[in-house]
Every structure is written in C-alpha cells, then in structure tokens.
Amino acid sequence: MRQETVGVTENLLKSATEEFLEKGFMKASLRNISAKSGVSTNSIYTRFKDKEGLFSAIVKDTVDGLMAIYLDSTQKATYSPNPSQADQEGEEGMDLVLDYIYQHFIEFKLIFCCSTGSQYEHFLDELGKIEESYYQEFVEKYSKEGFIVDSFFIHVYCRVSWQMVYELVAHDCSYKEAQSLMNSTKLFNIAGWKAVMGIDE
C-alpha cells in the first residue's frame, strides 16, 4: 500500500512538472494536473495544500542544495588570505554550481523560467544579493589605494553574472557549451576585477 502511494505521488509530481514547464506557475492548472495524473484535485489539496505547495515539492530540495553549495563557496572565498586564493575558491565554486545545475536541469528550468507568481520568482535576485555582498567586501579588502569600485557597478555585475546562468538554462545549452562559456567568463572576470581594483599581480 505504501509503495502504491509513493507511485501515485511520483506520477502526480511528474504530471505537475510537465504542466509547470509548459505553462509556467501562474497559468498551470491543478485540474489539468489532476486529469493527467489520475489524482483528484481534492487529493492534491490534501497532499500539498495548494499549487504553491505542489510547485515547492518539486523544486525546494534543489533550491536548498544550490544555496548550500553557493554559500559554502562564497564563505571560503571570503576567508581566503589573498585575492588569488579568493579567485581560485570562486572558480571552484562556479564549477560546483554549474555541475549541480546540470544535474538538476529540469528543476532549474522550472525555478529560473517558470516560477513567476511563486515564492521562487526572485531566487536569482537572492543569489545576486549574496554575490553582491561578497564583492563589496572583496573590493574593500583588496582594492589598491586610490581605486574605488562603484557600488552600483558591483550590483549590476552580480545581477548580470546570474543572468548568464539563466540564459544557459533558458536556451537549453548543453553542459559542454556551459563549461565553455564559464571558462571564458572566469578569464574575463579575473582580468576585469584586477583592472578595476588596480591589482598588479
């Protein structure tokens, strides 16, 4: 009986994922999900409370996993003894984030492209805020005397950085394509930050 319940839930989540991918959170219909999965709408409400709960059941663990990886990466970079080590930690963190996203590509398609109207609508902004906080501290710590990095520049840079990740997912880029883009980005970022911060090494 327990296995049967698990099977019903898996089928329901599969049907919900397809509906959310096709129509996005706001236009997705619990009635359609019910019809496709063979689970009554009342049962959906009982199991997940509402459409938000159903969407969250699909993506929450994935969101939490990425946030844990990213926070660990930024923490390691923050406590690095020099900018070169911070760059290295940042690059390794970027690789881990990319790997994780491609391991959970469907969930991130939902989060990045189909979550408008849900509690995950601003997830990319949350990641951008964390990155912005890190870079504010980074430039204050390592900028050469006389070099001031505008806070609005940091704000825009960090949002653009995560927008690039969004574009990879939104355009269904392959993992190989994503790696190539990230490798170029690493080189560009390191040179760029050294220039605006006046770092000579």
Lys186/Asp87 under salt bridge (Lys or Arg N to Asp or Glu O under 4.0 Å): CA gap, chis, key distance, verdict: CA-CA 9 Å; Lys186 290 174 188 176; Asp87 285 339; over 6 Å; no

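- To the nearest 0.5 angstrom, Ser37 atom OG is 10.5 Å from Lys14 atom NZ.
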I would like to know whether Phe55 and Lys51 meet side chain to side chain contact (heavy atoms under 4.5 Å, CB included); could you show each step before the answer? CA-CA 6 Å; Phe55 190 84; Lys51 187 165 67 170; 5.6 Å; no

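- The environment of NZ in Lys23 is crowded: more than 12 heavy-atom neighbours from other residues, nucleotides or ligands sit within 6.0 Å.
- The aromatic rings of Tyr157 and Tyr135 sit perpendicular to each other, their planes meeting at more than 60°, with 30° as the lower class boundary.
- Applying the ring-ring contact (aromatic ring centres under 6.0 Å, His included) test to residues at least two apart or on different chains, the pairs with a partner in residues 59-93 are Tyr70-Trp162.
- Crowding of Lys36 atom NZ: a count of heavy atoms from other residues, nucleotides or ligands under 6.0 Å exceeding 12.
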How far apart are the C-alpha atoms of Gln136 and Ser151, what are their side-chain angles, what is the distance that settles it, and do they pass the side chain to side chain contact (heavy atoms under 4.5 Å, CB included) test? CA-CA 7 Å; Gln136 289 282 7; Ser151 60; 3.3 Å; yes

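- Residues Asn82 and Gln88 are not in side-chain contact: their nearest non-hydrogen atoms beyond the backbone lie 4.5 Å or more apart.
- Side-chain atoms of Leu12 and Arg47, non-hydrogen and from C-beta on, do get closer than 4.5 Å to each other.
- At least one side-chain heavy atom of Leu98 sits under 4.5 Å from a side-chain heavy atom of Leu168.
- Summarising the geometry of Ala86 relative to Tyr134, their closest heavy-atom pair is CB-OH, 3.6 Å, with the distance given to 0.1 Å.
- Rounding to the nearest 0.5 Å places CD1 of Ile101 at 4.5 Å from CZ of Phe112.
- Under the 3.5 Å distance criterion, the side-chain polar atoms of Asn183 are matched with a main-chain donor or acceptor of Gln179.
- Taking the side chain as every heavy atom from C-beta outward, Lys129 and Arg159 approach each other to under 4.5 Å.
- Applying the 6.0 Å contact sphere to CE of Met26 captures no more than 12 heavy atoms from other residues, nucleotides or ligands.
- Put simply, the side chain of Glu131 does not reach to within 4.5 Å of the side chain of Thr74, judged on heavy atoms.
- In the displayed structure, Lys141 atom NZ is contacted under 6.0 Å by more than 12 heavy atoms of other residues, nucleotides or ligands.
- No hydrogens or angles considered: a donor-acceptor pair under 3.5 Å links the side chains of Tyr120 and Ser56.
- Residue Gln85 comes nearest to Pro81 through the heavy atom pair CG-CD, 3.7 Å, listed as atom of the first residue, atom of the second, then distance.
- Within a 6.0 Å sphere centred on CD of Gln103, other residues, nucleotides and ligands contribute more than 12 heavy atoms.
- The number of heavy atoms from other shown groups lying within 6.0 Å of OH (Tyr45) does not exceed 12.
- If you take CD1 on Ile111 and CD1 on Ile106, they are separated by 11.5 Å, rounding to the nearest 0.5 Å.
- In this structure the side chain of Glu92 never reaches within 4.5 angstrom of the side chain of Leu96, judged on heavy atoms.
- The six-membered or imidazole ring of Tyr102 lies near that of Phe105, with a centre-to-centre distance under 6.0 Å.
- Ring to ring, Phe153 and Trp193 are close: their centroids are under 6.0 angstrom apart.
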Evaluation steps, side chain to side chain contact (heavy atoms under 4.5 Å, CB included), between His171 and Glu177: CA-CA 11 Å; His171 291 281; Glu177 290 172 324; over 6 Å; no

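- Crowding of Leu71 atom CG: a count of heavy atoms from other residues, nucleotides or ligands under 6.0 Å exceeding 12.
- Between Cys113 and Phe108 there is no side-chain heavy-atom pair separated by less than 4.5 Å.
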Walk me through it: do Leu66 and Thr62 pass the test side chain to side chain contact (heavy atoms under 4.5 Å, CB included)? CA-CA 6 Å; Leu66 179 64; Thr62 302; 5.8 Å; no

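- The closest side-chain heavy-atom distance from Phe138 to Val149 is not below 4.5 Å.
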